[in-house]
Q: 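Okay, here's the structure, questions in a sec.
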Amino acid sequence: MTPPDTASTQPGDDRTFQVDLRGLVDLLSHHLYSSPRVYLRELLQNAVDALTARHTLEPAAADAYGIRLYADKTVVRIEDDGVGLTENDVHAFLATIGRSSKRAERIAEQRGDFIGQFGIGLLSCFLVADEIHVVSRSARTPGAPAVEWRGRGDGSYTVRTLPATAHPRPGTTVTLTPRADAGEWTRPARVHALARQYGSLLRHPVTFDDGTGGPGARVNPEPAPWARNHPTPGARSRALAAYGTEVFGFEPLDTIDLDLPAVGLKGIACVLPEAVPTGRRHGHRVHIKGMLLSEQAEEILPEWAFFVRCVVDAESLRPTASRESLYEDDTLAAVRDALAERLRAWISRVAASDPELLARFLRAHHLAVKSLAVHDDEILRMLLPWLPFETTDGSTSLDEFARTHRTVLVTNSVEEFRQVAAIASAAGLGVVNGGYTYDRELVHRLPEIRPEVSVADLDPATLTAHLDPVERETELAAAPYLAMARDALAVFDCDVALRTFQPASAPALLIDSRDARHERTRSQLAREQQGGVWGDILGALRQEAPRAQLILNQLNPLVRTAVAIDEPELARTSAEALYGQAALLSRRPLRPAESSLINRSFLDLLAHALRKDS
């Protein structure tokens, strides 16, 4: 277009934007729409909205109206029996960027019945074609002629009226001549697949013809499975499960009905048969008035619901401008909360009436349920006793564990549990591994459900108190070795004691909590920084650093031999080796000094054995 003559323009005069249509289409393709494939969705959407408007105009004849798709190697065409356009409509709505017939005053009161909310949908066709050809005849004006509109990618268009025979019935036909580089999206097979993808749940009949001469294939042969009549509840459940398998590619553990009449939402949630990685969220399939909006709509369910994938069709949710995701507003937040209640209700029903399904569900999704139970008191009461935990009795439910142990001890970390599990089990202590996500917090809430059970954090002193002392004569005889061992391990702030405990095959137990190691590290930093400002700060925080404990097992033959060694160097090496072996069994990360000690003690013992043999 020629720019206005600025010399003749008075200051303050209104001016009109000059629209670069090619630039606008490029903007849509790179920043609004995720893929050129959306052109077919926009064509289907316009056709559905036109049919909706005609249904308002002629309710009695609505069932006879439909949509017909045609695609061969040269054109893509879509025909609808909708309300159509007059010549004035064409000028107003097809030739003006950003205006939509859905905003016309005469149908504003029915706007909620339409899928589209933005007037840029037809522009998406320029993603695959350089020209859009529209022929339409209005159903609102009896005897109105057909109107032809040709829009081109350079921003130009033409409008002319046609004889009535050019489009004998009311409705609209849109024809695209694809560009050579758009073949991926306009091949007949791809057009049919896209029509199935976007329109499988549309309420109006949609057929597809690939130009081979056969009858048009029905794109949406059946209504949504939750909208069909089924002879029995079992048949309905099987139909919903089969639909979930078809849509998501897995056989659901169960299906959950989702029905929110207030927003016109219906659908199903499919329970995944296998666990998913922690924190991973699956996308959900969301339709708006039958038209697919997104297959990756994470926002429809809360974050904790990663054990289901759902497919829903809604009336009142708002799409974003690209119509590829949901607009975050109060309605969506309310829908998310309501769907969360449906999932909780399903868990409650299964817990009360189907123990076999509950067991299968918890085997696969106990982590998801634990995350829910942390924030949901109802789920906590229902399911906490049945959730599996790692304990000194193996993997078992808290309910089963509490029958044997009225006092339940819980560790702060996985490594602490690994250190004490065998010894605690032999001592008859009931210890739960609290190092996994949610576990420690949930175990501490067990008394809310089972008041007769007490829960406490496992303290090293608690475990030490359950280890039997040795006889006085035995301890006196071992005193020189124990003193030497304390001196050898002083660099690790480790005390050494002699006790008896089961299993006898365990020569030593290293009791050393993470908090104790952190406190020793802080104390070491304070000593190294003495005299500086940082040293003064750390010194002000200084406490008596808790020490690790290496507890030697008098029942173990190797320990009984070691405490009797009278060769100083060999005794020292054996103490270091026992510490290293206990550190390895604790499965915590080794410090560099500990790794060096393990290597040195092994080589020293090997050298001693070789000298002895020679």
Side-chain angles (χ1 to χ4, degrees), residues 415-416 418-429 459-513 516-517 520 545-588 590-591 593-614:
E415 65 185 52
E416 289 176 8
R418 297 284 187 264
Q419 289 179 45
V420 305
I423 310 302
S425 178
L429 296 176
D459 185 88
T462 303
L463 182 62
T464 305
H466 282 76
L467 305 181
D468 295 328
V470 297
E471 295 181 357
R472 182 171 179 79
E473 293 78 7
T474 302
E475 188 167 11
L476 287 174
Y481 181 87
L482 296 177
M484 177 278 310
R486 294 186 186 104
D487 180 68
L489 301 178
V491 66
F492 302 115
D493 288 318
C494 183
D495 196 7
V496 183
L498 186 65
R499 297 287 188 272
T500 63
F501 55 85
Q502 295 293 337
S505 58
L509 169 66
L510 180 61
I511 299 179
D512 189 17
S513 70
R517 292 197 302 276
R520 291 197 300 274
R547 308 189 74 193
Q549 276 193 310
L550 179 67
I551 301 179
L552 304 179
N553 187 4
Q554 175 64 18
L555 297 180
N556 183 267
L558 180 62
V559 171
R560 290 200 299 269
T561 302
V563 298
I565 296 174
D566 55 8
E567 185 178 337
E569 288 301 320
L570 180 58
R572 185 182 185 90
T573 299
S574 68
E576 293 174 339
L578 288 169
Y579 176 88
Q581 189 260 359
L584 286 172
L585 288 178
S586 72
R587 302 186 188 182
R588 64 168 171 79
L590 296 177
R591 291 172 283 181
E594 291 172 330
S595 298
S596 176
L597 174 139
I598 292 171
N599 290 332
R600 186 179 69 251
S601 62
F602 170 75
L603 293 176
D604 288 348
L605 288 175
L606 181 60
H608 176 81
L610 292 175
R611 286 197 304 271
K612 183 177 179 181
D613 290 343
S614 63

Q: Answer yes or no: is there a side-chain heavy-atom contact under 4.5 Å between Pro507 and Gln581?
A: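 Pro507 vs Gln581: side chains touch.
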Q: Between Leu555 and Phe501, does a side-chain contact (heavy atoms from CB on, under 4.5 Å) hold up when you go through it step by step?
A: CA-CA 7 Å; Leu555 297 180; Phe501 55 85; 5.9 Å; no
Q: Between Thr474 (side chain only) and Val470 (backbone N and O only), is there a donor and an acceptor less than 3.5 Å apart?
A: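 Looks like no, no N/O pair under 3.5 Å.
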Q: Quick check: do Val559 and Leu498 have side-chain heavy atoms less than 4.5 Å from each other?
A: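 Yes, close enough: below the 4.5 Å cut-off.
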Q: Just to verify, what does Glu576 make a side-chain hydrogen bond (donor to acceptor under 3.5 Å, both in side chains) with, not counting sequence neighbours?
A: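 By the side-chain hydrogen bond (donor to acceptor under 3.5 Å, both in side chains) rule, Glu576 matches Arg600.
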Q: Keeping the roles fixed (side chain from Gln502, backbone from Ala504), state whether a donor-acceptor pair exists under 3.5 Å.
A: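 Indeed, once roles are kept as given, a pair shorter than 3.5 Å links the two residues.
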Q: Go through the steps to decide whether Thr573 and His608 satisfy the test side-chain contact (heavy atoms from CB on, under 4.5 Å), and finish with yes or no.
A: CA-CA 10 Å; Thr573 299; His608 176 81; over 6 Å; no
Q: Under the side-chain contact (heavy atoms from CB on, under 4.5 Å) criterion, do Ile423 and Leu467 qualify, and how do the steps go?
A: CA-CA 9 Å; Ile423 310 302; Leu467 305 181; 3.7 Å; yes
Q: Given side chains that start at C-beta, do those of Leu590 and Ile598 come closer than 4.5 Å, heavy atoms only?
A: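 In contact.
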Q: Thr561 side chain to Pro557 main-chain N or O, any donor-acceptor pair under 3.5 Å?
A: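 Checking the backbone N and O of Pro557 against the side chain of Thr561, a donor-acceptor pair under 3.5 Å is found.
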Q: Under 3.5 Å, side chain of Thr500 to main-chain N/O of Asp468, donor-acceptor pair present?
A: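 Such a contact is found between Thr500 side chain and Asp468 backbone.
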Q: Where is the tightest heavy-atom contact between Ala577 and Ser601, given as atom of each residue plus distance?
A: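 Looking at all heavy atoms of both residues, the closest pair is CA-OG, 3.7 Å.
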Q: Suppose the criterion is side chain to side chain donor-acceptor pair (under 3.5 Å): which pairs have a residue in residues 478-492, not counting sequence neighbours?
A: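 As it turns out, the side chain to side chain donor-acceptor pair (under 3.5 Å) pairs with a partner in residues 478-492, which skip direct neighbours, are Tyr481-Ser574, Arg486-Asp495, Asp487-Arg572.
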Q: Without swapping roles, check the side chain of Arg560 against the backbone of Gln554 for a donor-acceptor pair under 3.5 Å.
A: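 Indeed, once roles are kept as given, a pair shorter than 3.5 Å links the two residues.
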Q: Could you check Arg591 against Glu594 for salt bridge (Lys or Arg N to Asp or Glu O under 4.0 Å), going step by step and ending with a plain yes or no?
A: CA-CA 5 Å; Arg591 291 172 283 181; Glu594 291 172 330; 3.0 Å; yes
Q: With Arg418, which residues qualify under side-chain hydrogen bond (donor to acceptor under 3.5 Å, both in side chains), at least two apart?
A: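 For Arg418 the side-chain hydrogen bond (donor to acceptor under 3.5 Å, both in side chains) partners, ignoring immediate neighbours, are Glu390, Tyr436.
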Q: Roughly how far, to the nearest 0.5 Å, is the OG atom of Ser505 from the CG atom of Asn553?
A: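 If we round to the nearest 0.5 Å, Asn553:CG and Ser505:OG are 8.5 Å apart.
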Q: So, do Leu552 and Leu482 sit near enough that their side-chain heavy atoms are less than 4.5 Å apart?
A: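 With C-beta onward as the side chain, the pair touches.
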